[in-house]
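Right, one structure below, let's go through it.
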Amino acid sequence: MLKNFFVENFSKVKNSFKDKPYRNAFTVIVLFILINALKLSLYNYFLIPQATREVFVYKFWFTLLCSIIVFTIIFSFKSRYLFLIVMVAQGIYCFTNISYFLYYHSYLHFLQWISLFKEALISATHLANPKSMQLLVVFIDAPLALYIFFKYFKKDVRKFSLPLMKYTLLIASLVILLVVEINNYHAQKSIVQYMDDRYTGETEIVARYGTLVNSAVNIIKNNSETKLIGQLNYGRKQTNSDIVGAEKDPNKPFLNSKNPNFVIIQVESMDANIVRQKYKDSFVMPYLNSLTANSIYYPYTLSYHQGGGTSDTEFSVINSVEPLDSFPAIKLTSYGYPNSFVSKLAKASYDTMAFHGNVGTFYNRNIALSKMGFKKFFDIGSMNYEDEGWGAPDDKVFSFAYDKMVKAREPFVSYVITMTSHGPFESARNYYNNPLYDDIENEIVKNYFNSFSYVDESIKDYVTAVQKKFPNSYIIIYGDHTPNINSEDFAQASFIDGDKYFEFVPLFIITPDGQKHRENSEVASFLDISPTLLAASGIPYSVYSDGSNLLKNNINYLNIPLKGSSFDRAWLYNKISTYKFTEDEPLWKKYLPSFISSNLIEKHRK
């Protein structure tokens, strides 16, 4: 009976190939599956740090087997609309994952994608997503996919049914995949060995199985908020034992006229290098550059820019903890922020207020900041400002914040999150233009310089007013993350080491007594801000942190945690301070797999 099945179906295959429409359709489908496998292989190849020729070859054959299985099943349904849905979903998935990786240098997970869907759509409408030639790989199979959609599903092609070929392909592909996985397991390179490693294991899973499997593993490992919250590592306990009664009740109000105010300015996309950047012999940010010699200045401060995007900054700064890599920590609905320095100051009767020029629902800041201890939060709506580009202009937000501080009870905490300098750095053009940069050909750099020229003037006016009205204030200024700009005109302060990505922003601390210090050998981190401000507050406190008090003489710096590893601050300072950006090779040369001879390509070009 089995013999008859094979004989009968072999005859059908043979006769089918005599039919020209079928033969043409079959050829197109085979070519489509090959190109689709190439697309997915390149897509994963771009997302693997230090990818090699061997990695690409493995990815291609592994992906080809998976593509044969998937599309054999899809074509068996003979539905053009199912095929269309699969192709559109695949394109969106690849496009968003490449775009995310280009900006964050980490992998986008499915639960994270769902949680950030609203923010991603808003960012896309403002053209804030990274642009790269790598994104074009998503479309290389589009012409054949369209041809198949319109031609393959015609009646004269749909009538052919070849179960022998279909089942043979499916069974053969599945057997090969099983053999490959057994070999991986015995070589200690299987998903079984990698899935418990939250960081390095991810890169290996993407290299061997792809981002879809990596997202599936993430869902299995992090399918509840309890598991995610359990990943937050607060570090060692720090207390202010110099104050009488601190150990008895660290949250007891302990205020007097000497307790200082804290004025915090978190600046959107302010890179460490922009503070020292010159154009035509003039500093882009002359005021902040002057602060490098008139404040406590850390040229390089490690930024945490991970699963929650920009919101990771206030999450890590206020709670002195590294945020999550696979989920926006600020969107944990059941998290109570037990380590927030703002809550500790609020319990000690500090007045606490926060301001942001964006809508408060962006990253759920309207909910999270209240949980962190802010008694009042003002967004663009509650400040009654209009959207002028993307968000309210920084100078208006500073003005509003200043008016609220004047009416507030001292001591207070004022936390301003700026918006004007958000990528693609075009908002400032609606109300500010510095003609000095008009001749810069690179549009992104031109807009970036113009934005920070405006930001510098706005900060200067705000800080000057605060110092005059509230002399007993610590003013803390820092960037949230780098701007994703690397060119001949401007190169951000970042580098990749292995599978870790490091980005640096500046940090200024203006003290009431005018302390001055420029750090020339160690980097700071977002974790340092909480213990620094709590120590300066004069209240008894207890906090968990791997950060260091940056106001203390002879600081015994703690190593900085990042994605499962711990890094020496002096090593980081040496790496970033000596790092020199060089313009990328042409993308056709850099991203084609290394086994393709560059000499052959050059010969072909000539």
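Put simply, the side chain of Q492 never gets that close to the backbone of N486: no donor and acceptor are under 3.5 Å apart. No donor-acceptor pair under 3.5 Å is formed between the side chain of T239 and the backbone N or O of S542. A donor-acceptor pair under 3.5 Å is absent between the side-chain atoms of R365 and the main chain of D379, judged by distance alone. Under the 3.5 Å distance criterion, the side-chain polar atoms of S343 are matched with a main-chain donor or acceptor of M372. No donor-acceptor pair under 3.5 Å is formed between the side chain of Y104 and the backbone N or O of S99. S566 places no side-chain N or O within donor-acceptor distance of the main-chain N or O of N559, the cut-off being under 3.5 Å. The backbone N or O of W571 lies less than 3.5 Å from a partner atom in the side chain of D568, making a donor-acceptor pair. Without hydrogens or angle criteria, D480 side chain to S269 main chain gives a donor-acceptor distance under 3.5 Å.
For the residue pair E225 / S334, a side-chain donor-acceptor distance below 3.5 Å is found, with atom types taken as modelled. Side chains of E519 and Y573: no donor on one and acceptor on the other come within 3.5 Å. Side chain to side chain, Y478 and T313 fail the donor-acceptor criterion of an N or O pair below 3.5 Å. Looking at D395 and S458, their side chains never bring a donor and an acceptor atom within 3.5 Å of each other. A side-chain N or O of Y415 and one of Q266 form a donor-acceptor pair less than 3.5 Å apart. Side chains of E503 and S494: a donor-acceptor N/O pair is absent below 3.5 angstrom, by distance only.
The local environment of NZ in K376 is sparse, with at most 12 non-hydrogen atoms from other residues, nucleotides or ligands closer than 6.0 Å. In N556, the CG atom is not crowded: 12 or fewer heavy atoms of neighbouring residues, nucleotides or ligands sit closer than 6.0 Å. Within a 6.0 Å radius of CZ in F567, more than 12 heavy atoms belonging to other residues, nucleotides or ligands are found.
Residues E268 and H481 are in side-chain contact: their nearest non-hydrogen atoms beyond the backbone lie under 4.5 Å apart. K227 has its side chain out of reach of F327: every pair of non-hydrogen atoms, C-beta onward, lies at least 4.5 Å apart. No side-chain heavy atom of Y501 sits under 4.5 Å from any side-chain heavy atom of S106. Taking the side chain as every heavy atom from C-beta outward, E322 and S316 never approach each other to under 4.5 Å.
A salt bridge links K563 with D325: at least one charged nitrogen is closer than 4.0 Å to a carboxylate oxygen. Between R236 and D546, no side-chain nitrogen of the basic residue sits less than 4.0 Å from a carboxylate oxygen of the acidic one, so the salt-bridge criterion is not met. Salt bridge annotation for D351-K407: absent, with no cationic side-chain nitrogen under 4.0 angstrom from a carboxylate oxygen.
Aromatic rings of Y335 and Y337 (six-membered ring for Trp) have centroids within the 6.0 Å cut-off, being under it. Ring-centre distance between Y448 and F452: below the 6.0 Å cut-off. Centroid-to-centroid, the aromatic rings of F412 and Y350 stay 6.0 Å apart or farther. Proximity of the aromatic rings of Y234 and Y544 is defined here by a centroid distance below 6.0 angstrom, and this criterion is not met. Taking the ring centroids of F377 and H356, they lie at or beyond the 6.0 Å cut-off. In this structure, F101 has its ring center closer than 6.0 angstrom to the ring center of Y107.
Note: D528 CG to L507 CG = 8.0 Å, rounded to the nearest 0.5 Å. For the atom pair T301 OG1 and M270 CE, the distance stands at 9.5 Å (nearest 0.5 Å). Rounded to the nearest 0.5 angstrom, T333 OG1 and I330 CD1 are separated by 13.0 Å.
Nearest heavy-atom pair, P323 versus Q306, reported as atom, atom and distance to 0.1 Å: O-NE2, 3.2 Å. Closest non-hydrogen pair, P483 versus F425, comes out as CB-CZ, 3.6 Å. The shortest non-hydrogen separation linking Y363 to L116 is CE2-CD2, 3.6 Å.
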